[in-house]
Amino acid sequence: MPVVVVESPAKAKTINKYLGDDYTVLASFGHVRDLPPKDGSVDPEADFAMKWEVASESKKHVKAIRDALAADPNLILATDPDREGEAISWHLLETLAPALKKGAEVSRVTFNAITKAAVTEAMANPRQIDQPLVDAYLARRALDYLVGFNLSPVLWRKLPGAKSAGRVQSVALRVIVDREMEIEAFKAREYWSVHARLATPRGDEYDATMTVFGGKKLERFDIASEEQAKLAVAAITSRDLRVASVAAKPASRNPWPPFMTSTLQQEASRKLGLGARACMSAAQRLYEAGHITYMRTDGIDMAPEAVMAARDAIKARFGAEYLPKSPRMYKNKAKNAQEAHECIRPTDMMLSPDRLPVSDKDQKALYDLIWKRTIASQMESARMERTTVEIGSADGQVGLRANGQVMLFDGFLRVYDQGRDDEEDEDSRRLPSIEEGERAEKRSVTPEQHFTQAPPRYTEATLVKRMEELGIGRPSTYASIVTTIQDRDYVRKEQNRLIPEDKGRLVTIFLLKYFPRYVSYDFTANLEGELDDISSGERAYREVLRRFWRDFTAALEGTSELRITEVLDAIDEALAPHLYPPRADGSDPRECPLCHKGRLHLKTARSGGAFIGCSNYPDCRFTRPISSPDAEVVGDAVLGVDNGDEISLKNGRFGPYVQRGEATAENPKPPRASIPKGWDLASVDLERALALLSLPREIGSHPEDGVPVEAGIGRYGPYVKHGAKYANLPDVDEVFTIGMNRAVEVLASKQVRGRAAVAAPLAELGEHPEGGSVQVMSGRYGPYVKWGKVNATLPRDLEPGAVTLERALELIAEKAAKSGKKPAKKAAAKKPAAKKPAAKKPAAAKAKKAG
């Protein structure tokens with residue numbers, strides 16, 4: 001039986017269903033080889049020779065394939081139909097070559113969808129490995145390695161606290177940092193608009209907006225203050241208004257094209273709240289199960305048979321009036337549509353989302369999105385009537401406009417309407433019957449204040465959209481790029497928006513200062529274009545590598561003599577508008593607000609990271625985080641004296657704290673206490689400082705066992721403690737007032753909760769083939785799947801909600817193979833042991849027993 005190799009067990013299972021027992025279908029579990037993460041894996045001196053290594057976890061999968069080839073030497077490589085899939089097949093062939101028998105046939109097959117028809121056709125049309133596509137992979141992999149392994153050490157040496165740099169990730173990070181600096185530099189501008197609630201002679205009300213004031217057409221900032229707005233209101237209220245014209249024009253809206261990778265990720269983020277990684281994980285499962293076509297694509301065209309199937313589904317479900325006379329054709333506008341497969345669509349147009357045989361909620365929601373977008377793309381346009389009503393005064397000094405829309409035929413909108421990243425002005429209000437020349441009665445006139453808004457921070461969806469516009473990255477890399485910059489703590493996500501961390505901002509400024517070419521949008525996009533040229537056979541990949549390496553090494557050598565102080569000076573200057581914004585009192589923003597002698601400057605701590613400190617150190621110890629230019633000033637302020645010791649309020653690297661006395665050789669660590677979160681620093685006086693320094697406070701002896709009960713503030717907030725038992729307090733101020741009755745009550749409620757708090761699984765996936773339930777659990781170090789004693793951590797790119805039983809079984813099998821663990825099985829009922837003939841006991845033993 002020929003051996004067919006695919007990436008995953010789920011894909012293998014689906015394909016095996018179509019091929020039957022005439023083939024042996026095995027999974028490689030992704031890439032079987034990679035570059036070892038050490039120097040020398042790519043050798044520029046040897047014309048960029050690359051040293052590959054079979055991963056330890058892949059060796060058992062390679063062995064299984066070798067063993068299968070011993071029975072039938074014919075190998076069919078059926079990995080995904082893109083650059084990465086071609087690379088996996090190439091790695092497999094290179095690894096298995098020594099085991100292939102002489103004359104063995106090796107072929108490559110690809111299919112855009114895992115359906116019986118697609119698989120059967122692919123098997124009937126095998127080909128050889130596409131070497132230009134492999135070369136494009138090799139070039140990309142070598143570039144990423146050379147940048148990462150040569151630029152990251154420069155960052156570590158010159159910029160304490162930085163983690164690493166990446167060829168494309170650093171450019172994506174720059175996109176986010178650039179937007180943040182735009183937001184910080186933005187100055188809001190005030191403007192006003194005036195709205196009127198009007199009524200027809202028949203009493204029907206409608207809304208209109210002022211468009212003419214003083215006989216002139218209003219521009220956005222023409223009404224710039226409240227005083228001007230009041231004058232505009234007075235101008236309307238003092239005049240009679242009539243309808244000058246009513247214009248109704250037909251309009252239409254065409255459907256959006258089917259999904260490609262970037263648009264799918266954007267819509268999944270907007271409508272489903274799925275990040276790029278979770279979206280692609282769910283799409284991968286749908287593809288492997290045969291429900292959708294391949295999900296990494298730049299293409300929006302659809303196979304002719306799929307177009308006809310979509311039209312049949314539209315006619316059957318919605319009627320002939322929703323079907324255009326001719327099929328809609330879409331052409332890709334992407335500049336570098338190198339991964340130009342078919343669009344992402346359902347494999348069976350008649351399989352509506354409510355009939356999808358999938359239980360996972362993310363997969364169901366994503367399929368619903370894909371099905372609706374695909375069906376809608378072949379539907380009739382929406383038709384509507386847009387009405388514009390012009391209202392004005394007889395003297396022409398005042399004019400207002402009312403807009404409205406009437407839907408005549410919903411067309412594709414019956415199925416699908418695209419989401420938006422930010423609010424757009426689209427007036428779709430219904431208007432009553434309004435006639436030209438009739439009087440417009442004023443019911444109310446209202447001014448409204450506005451301020452121009454800074455550009456919004458990126459979401460994962462809008463970041464992918466921007467990267468696509470710039471030509472940075474490709475469908476197979478978007479999700480990993482967005483994930484990597486968050487995993488490195490360069491960016492955090494809050495309310496679905498991406499915000500650069502301080503270290504991400506510092507890395508970006510460092511790279512812009514010393515390696516500007518390699519975070520240039522144009523350079524990165526052009527390099528992506530060259531990689532596309534390699535994949536089409538128009539360039540030699542080593543030629544691209546040689547040219548890149550020559551210029552890159554020159555840039556690296558230019559930083560060899562740099563000192564950390566020079567780097568900090570350069571970054572301090574570049575970030576000055578952010579680090580030292582103008583002060584309200586007009587004073588020098590770089591003057592130290594504590595000693596008024598030194599100047600503020602960017603500094604680094606021994607443990608890594610950066611902060612703003614005073615140049616008058618050690619005489620002045622003022623510091624603040626770089627991300628808080630408006631933070632309240634805290635320094636070495638003496639609050640008073642207690643028992644001969646000065647009690648001071650200080651500012652440390654981890655925030656403000658109070659301290660008793662000063663550090664000396666005899667007492668290097670004087671008593672300290674951090675200021676609790678939420679406390680107003682202005683309220684910290686001598687009394688409150690002494691209360692903090694007195695913690696932990698003994699409340700008394702527990703009435704049950706006499707063990708002391710204490711109250712204090714710890715790493716996780718205020719608490720009460722009884723022996724080794726802790727219970728959190730809801731209010732920090734209660735630490736200073738709590739009595740024994742209340743403390744016993746808090747401790748008792750914690751104990752009850754503790755006994756009841758048995759970790760509940762996040763999801764029950766089903767039964768393991770060998771018995772026992774498989775569950776998704778939440779653990780201290782992240783989510784994991786559990787089967788008996790086997791706990792397998794979820795990969796970073798797999799969300800808990802996206803875990804299927806099949807995927808869980810793969811992870812459990814890999815973990816069990818590594819650890820040698822097996823789940824505790826229920827012991828079978830023991831059969832009565834057969835009685836053995838009793839051994840004769842020595843006479844002495846018998847006598848002893850008798851005695």
Hey, could you give me the [atom1]/[atom2] distance between [X] and [Y], rounded to the nearest 0.5 Å?
X	Y	atom1	atom2	answer
F510	K503	CZ	NZ	16.0 Å
E501	E180	CD	CD	10.5 Å
K603	T565	NZ	OG1	11.0 Å
T553	N150	OG1	CG	9.0 Å
T483	Q169	OG1	CD	10.0 Å
L602	L575	CG	CG	7.5 Å

Between the side chain of [X] and the main-chain N/O of [Y], is any donor-acceptor distance below 3.5 Å?
X	Y	value
T524	S520	yes
R457	I499	no
R697	A711	no
Y719	I713	no
R505	V177	no
S170	A165	no
K51	E53	no
T459	A461	yes
S58	V54	no

Applying side-chain contact (heavy atoms from CB on, under 4.5 Å), can you list everything that pairs with [X], at least two apart in sequence or on another chain?
X	value
A691	F736
P703	M740, V744
A278	L274, E799
E710	P696, K721

Item to complete: Could I get the full list of side chain to side chain donor-acceptor pair (under 3.5 Å) partners for D489, not counting sequence neighbours?
Response: K163
Discussion item. According to side chain to side chain donor-acceptor pair (under 3.5 Å), who are the partners of H702, at least two apart in sequence or on a separate chain?
Written reply: none
Restricting to non-hydrogen atoms, name the atom on [X] and the atom on [Y] that form the minimum distance, rounded to 0.1 Å.
X	Y	answer
I481	A172	CG2-CB, 3.5 Å
S281	L798	OG-CD1, 3.2 Å
M181	A574	CE-O, 4.4 Å
G504	L173	O-CD2, 3.6 Å
V732	P718	CA-CG, 3.7 Å
V776	P800	CG1-CB, 4.2 Å

Non-neighbouring partners of [X] that pass salt bridge (charged side-chain N to carboxylate O under 4.0 Å, His left out), sequence neighbours left out:
X	answer
E494	R492
E698	none
E734	R742
E646	none

Discussion item. side-chain hydrogen bond (donor to acceptor under 3.5 Å, both in side chains), that's the test. Do Y518 and D551 meet it? Break it down for me.
Written reply: CA-CA 10 Å; Y518 301 98; D551 297 336; 5.2 Å; no
Any [X] side-chain heavy atom under 4.5 Å of [Y] side chain:
X	Y	result
N791	V785	no
R179	I183	yes
Q659	P670	yes
I675	L692	yes
P671	V658	no
L463	I176	yes

Item to complete: Step by step, work out the side-chain contact (heavy atoms from CB on, under 4.5 Å) result for H601 and D569.
Response: CA-CA 8 Å; H601 197 279; D569 286 344; 2.8 Å; yes
Worksheet item: Judged by modelled atom types alone, do S480 and T477 share a side-chain donor-acceptor pair under 3.5 Å?
Response: no
Practice prompt. Check whether the side chains of Y490 and D502 place a donor and an acceptor atom closer than 3.5 Å, and report yes or no.
Written response: no
Practice prompt. Take the angle between the ring planes of F552 and F515 and call it parallel below 30°, perpendicular above 60°, tilted in between.
Written response: tilted
Worksheet item: So V720 and L729, side-chain contact (heavy atoms from CB on, under 4.5 Å) or not? Walk me through it.
Response: CA-CA 7 Å; V720 287; L729 291 172; 3.9 Å; yes
Worksheet entry | Steps toward salt bridge (Lys or Arg N to Asp or Glu O under 4.0 Å) verdict (D733, R688) | CA-CA 10 Å; D733 289 327; R688 300 198 86 182; 3.4 Å; yes
Discussion item. Evaluate S269 against N496 for side-chain contact (heavy atoms from CB on, under 4.5 Å), listing each step before the verdict.
Written reply: CA-CA 9 Å; S269 175; N496 207 33; 3.8 Å; yes
Practice prompt. Test D178 against Y521 for side-chain contact (heavy atoms from CB on, under 4.5 Å), laying out the working first.
Written response: CA-CA 12 Å; D178 281 353; Y521 299 145; 2.7 Å; yes
Worksheet item: Does E460 come within less than 4.0 Å of K493, counting only side-chain N to carboxylate O?
Response: yes
Fill in: Carboxylate-amine/guanidinium contact R599 D588, below 4.0 Å
yes
Tabulate below the donor-acceptor pairs under 3.5 Å that side-chain atoms of residues 554-564 make, not counting sequence neighbours, or state none.
residue, atom, partner, partner atom, Å
T559, OG1, L556, O, 2.8
S560, OG, E557, O, 2.8
R563, NE, E566, OE2, 3.4

Discussion item. Would R497 pass as a cation-pi partner of Y458, given that its NZ or CZ must be under 6.0 Å from the six-membered ring centre and within 45 degrees of the axis?
Written reply: no
Item to complete: Show your working on ring-ring contact (aromatic ring centres under 6.0 Å, His included) between F451 and F186 and close with a plain yes or no.
Response: CA-CA 12 Å; F451 291 93; F186 178 80; over 10 Å; no
Discussion item. Show every salt bridge (Lys or Arg N to Asp or Glu O under 4.0 Å) that has at least one partner inside residues 146-155, sequence neighbours left out.
Written reply: none
